[in-house]
Amino acid sequence: MNCEPETFNRSALEVARELIGAELTLNGIGGIVVETEAYDLEDPASHSFRGETPRNRSMFGHSGHAYVYRSYGIHWCLNVVCRPGSAVLIRALEPVWGLAQMQERRGQVEARLLCSGPGRLCQALGIGREHDGLSLFQPPFRLAMPSTISEIAIGPRIGISKAVDMPWRFGLVGSAHLSRRFPSTSTPADAPS
DNA sequence: TAAAAGATTTCCT
DNA sequence: GGAAATCTTTTAT
């Protein structure tokens with residue numbers, strides 16, 4: 001079944017939240033999306049903020065397609081394109097399919113560290129420049145939206161230097177595969193200072 | 001043509 | 001907790 005990619009032609013904030021719990025695979029290898037971040041056209045932290053460039057052209061392309069970029073000259077990061085100039089960064093997966101292949105690529109066995117980070121999950125799934133611009137709803141990719149509602153954690157995004165306070169990071173509550181813990185929101189009595 | 005920044009991960013102290 | 005590794009893209013001169 002194909003979820004219509006038109007579903008993604010909306011604000012990255014909405015899509016980022018709805019992607020928690022979705023199934024994502026590349027050549028049959030992948031798992032459940034447990035952590036995302038939204039990047040908007042009018043967002044100083046977004047690659048698209050200063051307009052279209054050769055690198056970010058995919059962010060202005062078809063919704064439901066991939067925007068893959070090189071991070072710190074070392075890693076690859078995968079985004080799902082929403083409406084033009086906005087995208088959702090996939091930050092972590094719960095590994096489900098192709099565990100052995102992931103372990104081989106990552107060179108380690110701890111399941112918790114296979115896909116818990118944007119660079120890690122791209123290495124585990126074998127994502128690279130050749131996947132930039134491809135549809136996530138057609139082979140070798142597969143993306144299926146969640147069938148049940150999950151409890152969502154919300155917090156500020158990670159690793160950015162602009163708009164650092166915007167709560168545009170979403171995660172699956174209780175997941176052991178998050179790249180980092182979310183700040184505790186409703187525990188006023190635990191302030192150590 | 002040169003310089004700086006960057007949506008990270010890993011290893012060391 | 002802190003810093004190195006590593007290189008592409010973008011911006012400034």
Side-chain angles (χ1 to χ4, degrees), chain A residues 8 11-20 22 24 31 33-61 63 65-95 102-134 136 152-172 176-183 192-193:
Chain A
F8 285 73
S11 111
L13 272 176
E14 299 176 39
V15 176
R17 183 167 43 215
E18 295 172 14
L19 274 173
I20 301 298
L24 174 66
V33 177
V34 297
E35 186 181 341
T36 63
E37 280 179 2
Y39 288 89
D40 191 75
L41 181 59
E42 300 184 358
D43 169 14
S46 172
H47 289 168
S48 61
F49 182 64
R50 294 182 180 276
E52 186 174 344
T53 66
R55 173 175 69 158
N56 65 22
R57 69 192 183 286
S58 294
M59 282 187 80
F60 296 86
S63 62
H65 285 227
Y67 165 45
V68 179
Y69 70 93
R70 196 97 146 122
S71 174
Y72 288 87
I74 307 171
H75 310 286
W76 296 100
C77 293
L78 171 69
N79 295 254
V80 182
V81 177
C82 301
R83 66 187 178 192
S86 69
V88 175
L89 172 69
I90 308 298
R91 285 195 57 91
L93 299 181
E94 174 185 338
M102 292 186 191
Q103 290 169 347
E104 194 175 328
R105 287 173 175 152
R106 293 271 301 128
Q108 54 101 51
V109 257
E110 276 191 74
R112 231 199 86 196
L113 298 177
L114 285 180
C115 301
S116 59
R120 289 169 174 168
L121 77 87
C122 282
Q123 185 183 18
L125 269 60
I127 294 173
R129 168 159 300 165
E130 65 272 25
H131 300 107
D132 185 37
L134 296 185
L136 291 169
I152 307 295
I154 301 177
R157 294 174 292 182
I158 291 178
I160 56 176
S161 58
K162 299 163 188 165
V164 294
D165 292 328
M166 306 308 291
W168 291 350
R169 174 180 177 229
F170 302 90
L172 178 62
H177 300 273
L178 299 175
S179 64
R180 294 194 196 178
R181 306 198 70 84
F182 278 78
S193 66

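Sequence lines set the chain letters: A, B, ... in the order given, protein chains first and strands last, and positions in each chain run from 1.
- At distances below 3.5 Å, at least one donor-acceptor pair connects side-chain atoms of A:Arg120 with backbone N or O atoms of A:Ser116.
- Between A:Arg83 and A:Asp40 there is a salt bridge, since a side-chain N of the basic residue sits under 4.0 Å from a carboxylate O of the acidic one.
- Using a 4.0 Å heavy-atom distance criterion, A:Ile160 is classed as a sugar-phosphate-only contact.
- What separates CD1 of A:Ile158 from C1' of B:dA7 is a distance of 10 Å, to the nearest Å.
- Among the atoms of the strands shown, only primed sugar atoms or phosphate atoms (P, OP1, OP2) are found under 4.0 Å from some heavy atom of A:Arg106.
- Donor-acceptor pairing under 3.5 Å is lacking for the side chains of A:Ser48 and A:Asn56.
- The A:His75 side chain lies nearest to B:dT9 when the options are B:dA7, C:dA5, B:dT9.
- A:Arg70 has its CZ atom 13 Å from the C1' atom of B:dT9, to the nearest Å.
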Where do A:Arg180 and A:Ile158 land on the side-chain contact (heavy atoms from CB on, under 4.5 Å) test, with the steps shown first?
-> CA-CA 9 Å; A:Arg180 294 194 196 178; A:Ile158 291 178; 3.7 Å; yes

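- To the nearest angstrom, P of B:dG6 lies 9 Å from NE2 of A:His47.
- Put simply, the side chain of A:Arg91 never gets that close to the backbone of A:Glu35: no donor and acceptor are under 3.5 Å apart.
- In this structure, the CG atom of A:Leu178 is 13 Å from the P atom of B:dT9, given to the nearest Å.
- Taking side-chain N and O atoms only, A:Ser161 has no distance below 4.0 Å to OP1 or OP2 of B:dA5.
- Distance A:Phe49 CZ to B:dG6 P: 13 Å, rounded to the nearest Å.
- Contact check of residues 112-133 of chain A against DNA chain C (heavy atom, cut-off under 4.0 Å) returns A:Arg129.
- Tested against A:His47 for a side chain to side chain donor-acceptor pair (under 3.5 Å), the candidates A:Tyr69, A:Tyr67, A:Tyr39 yield a single pass: A:Tyr67.
- Ring-to-base geometry does not place A:Tyr72 in a stacked arrangement with C:dA5 (centre distance under 5.5 Å, plane angle under 30° required).
- OP1 and OP2 of B:dA7 both lie 4.0 Å or more from every side-chain N or O belonging to A:Arg169.
- Stem list for DNA chain C (at least 3 consecutive Watson-Crick or G-U pairs, distances under 3.5 Å): B:1-6 with C:7-12, B:8-12 with C:1-5.
- Listed candidates were B:dG6, B:dA7, C:dT11. Nearest to the side chain of A:Lys162 is B:dG6.
- Using a 4.0 Å heavy-atom criterion, one finds that A:Ser179 contacts no nucleic acid atom at all.
- Between A:Trp76 and A:Arg70 there is a side-chain heavy-atom pair separated by less than 4.5 Å.
- Rounded to whole Å, the distance from CG on A:Asn56 to C1' on C:dT11 is 14 Å.
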Using the side-chain hydrogen bond (donor to acceptor under 3.5 Å, both in side chains) rule, take A:Arg105 and A:Gln123 through it: C-alpha gap first, then chi angles, then the decisive distance, then the call.
-> CA-CA 7 Å; A:Arg105 287 173 175 152; A:Gln123 185 183 18; over 6 Å; no

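- For A:Arg50, the listed nucleotide lying nearest its side chain is C:dT11; candidates were B:dA7, C:dT6, C:dT11.
- As rounded to whole Å, 13 Å separates atom C1' of C:dT6 from atom CH2 of A:Trp76.
- Within a 6.0 Å sphere centred on CD of A:Glu42, other residues, nucleotides and ligands contribute 12 heavy atoms or fewer.
- Protein atom CZ of A:Arg180 is 13 Å distant from nucleotide atom C1' of B:dT10, rounded to whole Å.
- Across all strands, A:Arg55 comes closer than 4.0 Å only to sugar-phosphate atoms, never to a base (heavy-atom distances).
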What's the verdict on side-chain contact (heavy atoms from CB on, under 4.5 Å) for A:Phe8 and A:Leu136, showing C-alpha distance, side-chain angles and the deciding distance?
-> CA-CA 11 Å; A:Phe8 285 73; A:Leu136 291 169; over 6 Å; no

